[in-house]
Protein chains: 4
Amino acid sequence: MSYPLTVAVVGAGYWGPNLARNFNLSLDWRLAAICDLDVDRAAALASQFRDVRGTSDLEELLADPEIDAIAIATPARTHFAIATAAMRAGKHVVVEKPIADSSEKAVEMIRAAGEAEVVLMTDHTYCYAPAVLKIRELIRAGELGEILFVDSVRINLGLIQPDVDVFWDLAPHDLSIIDFILPGGLHPMSVAAHGADPLKAGKSCIGYLSLPLEGGAVAHVHVNWLSPTKIRQMIIGGAKRTLVWDDLNPQQRVSVFDRGVDLGQQAIDEADRSAVTISYRLGDTWSPALQEREALASMVSEFAESIRERRTARTDGGSGLRVLRVLEAASESLGGGGKVVALADPTAPTALDGARSVQLAGEPA
Amino acid sequence: MSYPLTVAVVGAGYWGPNLARNFNLSLDWRLAAICDLDVDRAAALASQFRDVRGTSDLEELLADPEIDAIAIATPARTHFAIATAAMRAGKHVVVEKPIADSSEKAVEMIRAAGEAEVVLMTDHTYCYAPAVLKIRELIRAGELGEILFVDSVRINLGLIQPDVDVFWDLAPHDLSIIDFILPGGLHPMSVAAHGADPLKAGKSCIGYLSLPLEGGAVAHVHVNWLSPTKIRQMIIGGAKRTLVWDDLNPQQRVSVFDRGVDLGQQAIDEADRSAVTISYRLGDTWSPALQEREALASMVSEFAESIRERRTARTDGGSGLRVLRVLEAASESLGGGGKVVALADPTAPTALDGARSVQLAGEPA
Amino acid sequence: MSYPLTVAVVGAGYWGPNLARNFNLSLDWRLAAICDLDVDRAAALASQFRDVRGTSDLEELLADPEIDAIAIATPARTHFAIATAAMRAGKHVVVEKPIADSSEKAVEMIRAAGEAEVVLMTDHTYCYAPAVLKIRELIRAGELGEILFVDSVRINLGLIQPDVDVFWDLAPHDLSIIDFILPGGLHPMSVAAHGADPLKAGKSCIGYLSLPLEGGAVAHVHVNWLSPTKIRQMIIGGAKRTLVWDDLNPQQRVSVFDRGVDLGQQAIDEADRSAVTISYRLGDTWSPALQEREALASMVSEFAESIRERRTARTDGGSGLRVLRVLEAASESLGGGGKVVALADPTAPTALDGARSVQLAGEPA
Amino acid sequence: MSYPLTVAVVGAGYWGPNLARNFNLSLDWRLAAICDLDVDRAAALASQFRDVRGTSDLEELLADPEIDAIAIATPARTHFAIATAAMRAGKHVVVEKPIADSSEKAVEMIRAAGEAEVVLMTDHTYCYAPAVLKIRELIRAGELGEILFVDSVRINLGLIQPDVDVFWDLAPHDLSIIDFILPGGLHPMSVAAHGADPLKAGKSCIGYLSLPLEGGAVAHVHVNWLSPTKIRQMIIGGAKRTLVWDDLNPQQRVSVFDRGVDLGQQAIDEADRSAVTISYRLGDTWSPALQEREALASMVSEFAESIRERRTARTDGGSGLRVLRVLEAASESLGGGGKVVALADPTAPTALDGARSVQLAGEPA
């Protein structure tokens, strides 16, 4: 382990203490300061750690040459200003999800990271859960084959949020995970969102997202605040095997089914496809052992490693942007009564790609 | 028990034998004949029962004054011709799902039943499963309160059908059940269908149906032939309680959760709704004992009772029509890439309603 | 497939029809006759099959040279007389469990089989369930390593039997399975049975069997008629892996856990054993695909194969005897208030072993 | 809430910090001191709280008139000396399980509590889990009827303890819970313990306890360190209903089955009991909502309330003694190869009962 990097946490509200605790425990990091507009809150959090100062002066932090990185856990509307100021000051940045309050700002942030040659990471914490890391690894190793569908369900009795609907509250988890595990990230061709507000709460409390992917595949997300039964399940169907992640079954969170539907080989051409022979394959099931590590601890490590290795982080600014674009399209679809909202051709080069290639001379996430 | 009614089963293929067996076992019925274009197949099935004749002559059956009713288990495209001929001959009719191969024909069939003053029933077998009968009873008794949402999942490894996609293969089960349990039947305001064909089988193998209901409620159906995990679960959220039906848990198929989200009472007007106070209610769970009876046996009883009581059957022609209309709209939505297809105003009077009111002087299903 | 063997089923009560149906469906067998003291019952069952005669004359069957084998499904007290008569007539015999109403008679039957050089098989049907066949195969392949413990639970609401207690009603299933899967069969060093009759039904309705095995291993069986929760689970702990069979989980009946407790290697001598280093091994879980075949169909095949291959059957007379001896010892223990009843040294040569070696020149089961 | 009582925690090792944290959070208590032979360890724990002193001087604590109560979390062999000294100094005492290292000492401690007129409580923490409190409440309200059987399973991969076998490590949980929920406490007529040490670790790693109760009822405990599957389940069969507690199912920990076996009423006399008519009752299942509260917080409250109300605590010295006596008998049984060890007639008056009646003028636990 090399000499630790130094970090300051900005925002001492709900999530900041978790970040601070994990940076403090990590051998990769030295936690130097907590910054909050409310200086008392900053000081109270700082006092829980040794040699950590509390402050309300962001300028001072950004001017401090000892500080390598800033972790931002403030309200979303402030992410852009804080992150860009930090990056212009040469600081690496990890920012709470959503990365910004608009995709335009997210694009700007990614561009700024590229120009400053710093790491811009989105704190998609759930991606660093041991189960998700294992799923990503299995998919990249080709264990599932080409991905055919992803069906994600995240339902529970949930407090109706004052400021966001169920899509913006819960679906970022599913979307960031899907973005993380799909080999090229989440690039749906369109978004259709169907919501319901049966309690007349003024916003969707039940939501369904349909995201057609290239090649006939599909991702679908069901989020729901009104279900007394708690379900957190993702089914990831592949051409070779299918994986089921049941996050509420601690004894067997991840199952890989060597089981599927096979199309026979008689088909001569596309026109004849409907005549193909179909058969089942009923094979074994396998459940990998998972390491036990707090997701946030792994996130904090990845932040350090991406800085040291001068590469983009696994959940970089681009992943934050992709999730944000789907959420924005979902809101647009919802506003149109469930209409299908096309997204830009995911294969076309974009300004963003330019920004990403500039960002750091690392491999893509 | 009064003197049994007499029935002939038309169609000795896949489903006919099940109908024949249940009519034969029922004290409500005397099974008189099996009719099939293939007279040997008819005779072979008839020979399994005492005093049942096999025939290929439908005309003769319809002319037989001893026969009160006809059960039709032939291909869907033949339902209309056989059923209308039978009804014009004064026979009561139960017809396999789908009721017809187009909703226009279904409307005609309902009208014919009204004119002939006979019962026209759709064999939505699953509606007569003990769990579904109990769910209907609970909802009608007000145990759940107003229905806020229905989420139905029916996924499994399934043979890819040569003639139909996954919507037409599996969703009729979900739709007929939802139609059966909702107090006024299934009257979605629109239909959006999202399908995927990742194996390039030439039809959707994965499907999602979004069906907004009046008052902000929603029904949603997920059907899937490609899932190695089998799930058959329906969550029915009510204003008072929420019910979960897990058909693969024989030890506790139906659970009623006295648990939910409560909106507080501070809200003064609609505009202020977003300021309502939200709270959880975490109450008991209750799982009713279910009788053990084959669904088809209950269906056959209902057919007899509706004839005797001169009322429409619980799963009448109208239910068959409503399911068919949703499937037709789903296909239209699918053809339009998931576009939202509006259905006629469910509260407006229709020609159908006229037909239904003529049908029999009974209560609506 | 060679020319089929010919069989007659003796006993047309509860189990006989199942045997008859499976013999009739098997390509290995020709079902020739049904025999029952009640000739009408014999004839009624026979009439369900083509070219099968019903009779009450056992003598005539045993004298018929066309009949190769007899399947006995009569009350236990009659097994000895029928089986020995049949074997003396040169017929192979499969006999319903329990093999006899006393272990002395079972020993005699085994001896008779050896003298007549015929197969004597016990119909331990459950041993031929796909899950059990797979478990046996895994254990024999060394996948679990040495067996350390077997814990079997079979509890449910069950009718209190008029003639037997819960040990004799349910435990034969567990015991025959344990006998089948343990490499050398079930040879407990002693038996302790603890029963309870809290309803004052006149016999144990709840039972626990403790069966210490050689080398410090143990088998334990819990049977219970009074549990509203149905559990059928067997945990088989091995030195390398542990297997869990949950017969009520059709989606994953058999799970193999590559997980266990490891003793470290620091221990120098036996005396120092308490100082060993202990650690967990948390590995993957694996669930093998199981074929789908009725257990009784496999039993019937094994009967034919053992005859053709001139070897003892997998569930031979010895397995029937071993199960019976444990049940007798359990009754003795129960009569002594749960006292520990020693069984004969399982490694010592016995008259039985002689009988077995004579039986057929085949490999041991 | 009246003025808080003052407590000192003795022992700052594994469990002491949990006690200290809960006393500190409780409004019933003021935590005054931490005492440990290792004064640094005492000081370190004390420093985590406001105004708590660390000390190694037990004498000084016992002489402090401000201290009302002592919580003992030291090794079992020291419980007797510390507790009796504290009680003679007029302090109320709660002591970690096991209450002492021999039942003779436990009897002495109970007697000392009676003489000093102080509360002596055993910290059977698990008894204060919301599920267990609810079970006790349901049984006391007669919801289950007379208790017929208790079957408790607590198995998991567990570290092999250096000093105790699996009975002494795990069974105290089951035994203390059974003692807590049975209306009169746990008074088995005998104890039979069957253990196995297949890894040759020098002590039982698998254990079964059979505990016949009065009236034909039975309690049984299965504890196991070698199971890769974790099960924590207790089935409590009653004459009216049966309860299942599955502690690993957070969505439905407690289920009450209105389901059972009914003996009919034809039986005329005991001799004729075997002719009784048996039938099933298949009723509803009900799962009560449970409050969410840490068990140790409820334990700490009960300690305060029992002192204030001048009554014995729910888990008093007697409960600690009863659990200890069963464990001692289990060890004796184990030493005798599983022999049945009779316990003293549970209905006979004992010296202990005298001690208990003296203890405090409260209701029995």
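No hydrogens, no waters, no symmetry mates; every other heavy atom, side chains included, goes into these values. Bear in mind that the values here come from a model prediction, so they are computed numbers and not experimental data.
In terms of non-hydrogen atom pairs under 4.5 Å with chain D, the most contact-rich of G195(C), G260(C), G336(C) is G260(C). Considering only heavy-atom pairs separated by less than 4.5 Å from chain D, the leading option among S190(C), G215(C), S227(C), A217(C) is G215(C). When each of T242(C), L157(C), L226(C) is checked for heavy-atom pairs under 4.5 Å with chain D, L157(C) comes out on top. For the set G237(C), C205(C), P198(C), the entry with the most heavy-atom pairs within less than 4.5 Å of chain D is P198(C). Here D151(D) is the residue among D163(D), V340(D), D151(D) with the most heavy-atom pairs under 4.5 Å with chain C. Of the residues considered (A196(D), P228(D), S210(D)), P228(D) shows the highest number of contacts with chain C, using heavy-atom pairs under 4.5 Å. Note on H220(C), H222(C), K339(C): by heavy-atom pairs under 4.5 Å with chain D, the leading option is H220(C).
Within the 4.5 angstrom heavy-atom criterion, only side-chain atoms of I235(C), from C-beta onward, approach chain D. Proximity to chain D is absent for every atom of L211(C), based on heavy atoms less than 4.5 angstrom apart. With a 4.5 Å cut-off on non-hydrogen atoms, I147(C) does not touch chain D at all. In this structure, chain D has a heavy atom under 4.5 Å from the side chain of Q233(C), while its backbone stays farther away. Only the side chain of I206(C) comes within contact range of chain D, with heavy atoms under 4.5 Å apart. Neither the backbone nor the side chain of L213(D) comes within less than 4.5 Å of any heavy atom of chain C. Of the two parts of L282(C), only the side chain, counted from C-beta on, holds a non-hydrogen atom closer than 4.5 Å to a non-hydrogen atom of chain D.
With hydrogens and angles disregarded, a donor-acceptor distance shorter than 3.5 Å links the side chain of D165(C) to the backbone of F167(C). The backbone N or O of R253(C) lies less than 3.5 Å from no partner atom in the side chain of N249(C), so there is not a single donor-acceptor pair.
With contacts defined as side-chain heavy-atom distances shorter than 4.5 Å, the pair L138(C)/V256(C) qualifies. Residues T285(C) and S255(C) have side chains in contact (heavy-atom distance under 4.5 Å, counting atoms from C-beta outward).
Residue L209(C) is tested with V223(C), L334(C), V221(C) for a side chain to side chain contact (heavy atoms under 4.5 Å, CB included); the sole match is V221(C).
Inspection of the Y208(C) and N224(C) side chains reveals no N or O donor paired with an N or O acceptor under 3.5 Å. Under the 3.5 Å distance criterion, with hydrogens and angles disregarded, a donor-acceptor pair is assigned to the side chains of S152(D) and D174(D). Side-chain contact of D169(C) with W225(C): a donor-acceptor pair under 3.5 Å is present, judged by distance alone.
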Passes salt bridge (Lys or Arg N to Asp or Glu O under 4.0 Å), K134(D) versus E137(D)? Steps please. CA-CA 5 Å; K134(D) 175 62 77 177; E137(D) 177 191 323; 3.7 Å; yes
